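A note on names: the letters A, B, ... follow the listed sequences, proteins ahead of strands, and every chain is numbered from 1. Model, not experiment: these values are computed from the prediction.
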Amino acid sequence: MSVASERRYDPGTVEREWQGRWEEEGTNSFTLEELRTAERPFYNLMMFPYPSAEGLHVGNIYAFTGADVHGRFQRMQGRDVFEPIGFDAFGIHSENFALRTGVHPMELIPSNVANFTRQLRRMGGMFDWDHTVDTTAPDYYRWTQWLFLQLFRHGLAEQKEAPVNWCPKDMTVLANEQVVVGECERCGTPVEQRLIRQWFLKITKYADRLLDNLPGLDWSDTTRKAQRAWIRRSRGAEISFPAIGTEMAVAAFTTRPDTIFGSTYMVLAPEHPILDAVTSDDRREEVEAYRERTRAMDLVARQKVEKNKTGVFTGGYCLNPATGRPIPVWIADYVLMGYGTGAIMAVPGHDERDFDFATAYDLPIVRVVAGEGEGADDPLDIAYEWPEGRLVNSGGYDGLSPAEAQRAIVDDLSAQGLAEPRVNYRLHDWCISRQRYWGPPIPIVHCEECGAVPVPEEELPVVLPRVEDFRPDDSGVSPLARVSDWYRVPCPACGREARRETDVSDTFLDSAWYFLRYPSTDFADRPFDEEITRRWLPVDAYIGGNEHAVLHLLYSRFVAMALHDMGLVEFEEPFTHFRAHGLIIREGAKMSKSRGNVIIPDPLIERHGADTFRLYLMFLGPFMAGGDYQDKGISGPRGFLHRLWETVVPREGELRDGAPDARLEALLHRTIRKVTDDIAALHYNTAIAAMMEYLNAVRAGGREAVRAEVEALVCLVAPFAPHIAEELWHRLGHAESIFEGANWPAYDPAKAATRESTLAVQIDGRLRGTITVAKGLDEEAAVAAARAEEGVARRLEGREIRRIVHVPDRLLNFVLG
RNA sequence: GCCGAGGUGGCGGAACCGGUAGACGCGAAGGUCUCAAAAACCUUUGCCCUUGCGGGCGUGAGGGUUCGAGUCCCUCCCUCGGCACCA
């Protein structure tokens, strides 16, 4: 073999050699039979990348390396590790890039995928290239469409009108992220709202389960908290306020029904449907003008821009059902149609926002809760929002605590049919319609007779046609709506002429189930095989960025729960273990093209090798916190691997056999323990530091190592630097791959034990010296040993010792009088 | 505003359960080897005072608990990330 004879470490040669052998020998891939029979399956998942034209950046490599280290570590401990990778290639990113460059996405994506594949192979990930996924391949999105149909059949998909951000110049729908303070991020035109019929998945039906399962998940705490905050459940009541002069009532959601006696006015969202009915003729013009102004703002700007509250009086009144008195009805943009009922009972005395509004428009502020030491009619100079105190000015409820009053008031109003207990969520149903081209068509046919009819499953996939002009237009519908020979189809139910749904689905739907597909890509006739799914899922370890803490992870959980309820999978939580990694920054700032501080990994990998680059990235800082990229820093890990090589492959002669040095052997076992614990906890940086420390000790003073001192070290290094580890393992005489068989070294506590310990000697808590003593030395002997130290003895001379604190093998503290 | 993470040498970062702060690495200085360079190896490297011995000060700021605090408690400041009028 060419490599084997070379005595110098040349990373490029070693890495290409082993990447070739892994590929040839199928080291990292599973056959269908192996997937069926794996005895200790471990599904190691990482978030699949969006294959951009720029290629993999350091951030991707960082994330994948960290996950790969964990996978290789599990494998060396004897698990059958399945580590797949794929491409999340649909979506607006590719579409916009294609529009800009004029390259059709159907050409762009395959070439990007090819480039990503090359880079992923080059970084030495343990990927199973026989089980990849590309969300834009018809044999993948066929099953994305299938999934939509299952949700539809089970009443979890519905079409309804919803507002979207619309840029009148670009003539396109914009995602919230594309709207910057009320303007289109591309052209700066003020964004409008439009109402469009769109498909929604009813994730809110699962809100309680999504919330209540969280404590049982072994996830990064930050991620669980983000999900909790995103769903945000609030319990309260919906209360009816009869609108005077009409037959209708305005329903308002509140979490504080106990404060109803303090509700001195109501506020409706400007879009509220009852608005026309309550507005008086003399106010109509002003109300319309305000409504118009609000409509011109997109949802994001409306929530961000105005700190000062604005609003107008409608001229209408409702009856406060508790006091029986009429209260004025206003509209204001701080009330959102999308939450609760789109109407609030304003309680300015006990809600900060209502207080601000009432102050600005001179509306009455009444106290209905008195805190400790406060009187019933003490004026309020800020809203009293706390749920402690006693009710006042509240008729028969005076004297109750807010909690008691909540129950009593809701009970009494419910009896009159004016209230009912209610739970609200911040979480909204998931809008999956995209009026765009680059996505899987939603598999529905609209028929005038039969309504929305699902495409029969055997007709899937509904293939996205190749369309040269896929620019969005003024119509507010997908570019597919211009392709009449595609959308005109007979109704699957009645056969009459009908029309395909021309919207495509959200990319998050593609990624909400990809982990189910990986182990089953051998099957063309089913999305996921029952037997294989039972063996491999739920995912054992999922490592990814916290930018997906909410959406992707929440949608995946929802899909898994829905499939579980349909009886299609056994689990309801897809990821039992999730860890969020940190971000790579540079000079204290996030890498971005606009800052010009982006690192392109390819030249670095060419120059130093993938092993060095991997090791360097993992050494930067704690994996879960991220790290600061420094150009010169790579020389540390590079030197370490070169020294490791030279230690195992001496320039002259051969590595000797023989007994290891006793001190080194003890250190080796402590290193094994530390590296094992640290990798398990994803503390990669300190694991690497420990290996460096050990190698430094092995080579101290230019000494030559013996085999027993370095063989285990080669194994410890393997998860981080797999190629060099393979090569050295091979040169140490092993025929099989270091990753075949459980080669992770065992920690032997007996060998790790030391006979001596260093004791810190303090006087009054200040360090005055250290002494080396036999392990487990008792206090009396330790004191004697310390007193023998000149510096210690001098300070103790003639002083009274009030107390001695002795922590065996650690410290001895003399407290003087 | 709310929630979350964090603030330690010139830099990235270590530090178990409160027990020698600064592991490991970068950078810097000096040296060995070499025609030279690279690589490798050796020594030094928190700050201040001191020729030296030695001493003092040091983990965002201030206070507290303790024999002992980077670590625990209180008050405050700053940075980063997320959510943001959710009734």
- Message: Let's test this: given Watson-Crick or G-U wobble pairing with both distances under 3.5 Å, identify the partner of B:G81.
- Response: B:C3
- Query: Under 4.0 Å between a side-chain N or O of A:Arg803 and OP1 or OP2 of B:C67?
  - Reply: yes
- Does OP1 or OP2 of B:A84 have a side-chain N or O of A:Arg426 closer than 4.0 Å? yes
- Picking from B:G13, B:G56, B:A87, the nucleotide nearest the side-chain atoms of A:Asp628 would be B:G13
- For the pair A:Thr223 (side chain) and A:Trp219 (backbone), establish whether a donor and an acceptor sit closer than 3.5 Å, ignoring hydrogens and angles. no
- Considering heavy-atom distances to RNA chain B, does A:Ala760 or A:Val805 have its closest nucleotide positioned more toward the 5' end? A:Ala760
- Message: Any base atoms under 4.0 Å from A:Thr341, or only sugar-phosphate, or nothing? Heavy atoms, all strands.
- Response: nothing
- Would you tell me whether A:Gln227 and A:Arg557 have side-chain atoms, one donor and one acceptor, within less than 3.5 Å of each other? yes
- Query: Who does B:C16 pair with, Watson-Crick or G-U, both distances under 3.5 Å?
  - Reply: none
- Note on the structure: Reading nucleotides 21-27 of chain B from 5' to 3' and marking B where a protein heavy atom lies under 4.0 Å of the base, S where only the sugar-phosphate is that close, and - otherwise, the string is --BBSSS
- Note on the structure: Side-chain atoms of A:Asn813 come closest, of B:G13, B:G68, B:C85, to B:G68
- Who does B:A36 pair with, Watson-Crick or G-U, both distances under 3.5 Å? none
- Message: What's A:Thr222 touching, base or sugar-phosphate or nothing? Going by heavy atoms closer than 4.0 Å.
- Response: sugar-phosphate
- With no hydrogens and no angle check, is any side-chain donor or acceptor of A:Thr341 less than 3.5 Å from a backbone partner on A:Ala251? yes
- Any donor-acceptor N/O pair under 3.5 Å between B:C16 base and A:Arg810 side chain: yes
- So A:Asp208 and A:Tyr425, side-chain hydrogen bond (donor to acceptor under 3.5 Å, both in side chains) or not? Walk me through it. CA-CA 9 Å; A:Asp208 283 322; A:Tyr425 305 91; 2.7 Å; yes
- Task: Using a 4.0 Å heavy-atom cut-off across all strands, classify A:Arg766 as base, sugar-phosphate, or nothing.
- Result: sugar-phosphate
- Item | Nucleotide nearest A:Leu336 (side chain, heavy atoms from C-beta), chosen from B:C41, B:C86, B:A5 | B:C86
- Parallel under 30°, tilted from 30 to 60°, perpendicular over 60°: which one fits the rings of A:Phe613 and A:Tyr616? tilted
- Hey, does A:Arg422 reach any base, or is it just sugar-phosphate, or nothing, if we go heavy atoms under 4.0 Å? nothing
- Just by distance, with hydrogens left out, do A:Arg699 and A:Thr647 show a side-chain donor and acceptor under 3.5 Å apart? yes
- Task: Searching all strands shown, indicate the nucleotide that pairs with B:G46 (Watson-Crick or G-U wobble; both distances under 3.5 Å).
- Result: B:C57
- Query: What residues form a salt bridge (Lys or Arg N to Asp or Glu O under 4.0 Å) with A:Arg224, not counting sequence neighbours?
  - Reply: A:Asp221
- Message: Quiz question: by atom type and distance under 3.5 Å, do the side chains of A:Asp354 and A:Tyr334 form a donor-acceptor pair?
- Response: yes
- Note on the structure: Contact check, residues 774-782 of chain A vs RNA chain B, heavy-atom distance under 4.0 Å, returns none
- Task: Quick one: label A:Leu620 by what it contacts on the DNA or RNA (base, sugar-phosphate, nothing), any heavy atom closer than 4.0 Å.
- Result: sugar-phosphate
- Message: Tell me whether A:Asp258 is salt-bridged to A:Arg256, with the criterion being a basic N under 4.0 Å from an acidic carboxylate O.
- Response: yes
- Mapping A:Ala700 and A:Asp764 to their closest nucleotides on RNA chain B, which lands nearer the 5' end? A:Ala700
- Message: For A:Phe619 together with A:Tyr684, are the ring centres under 6.0 Å from each other?
- Response: no
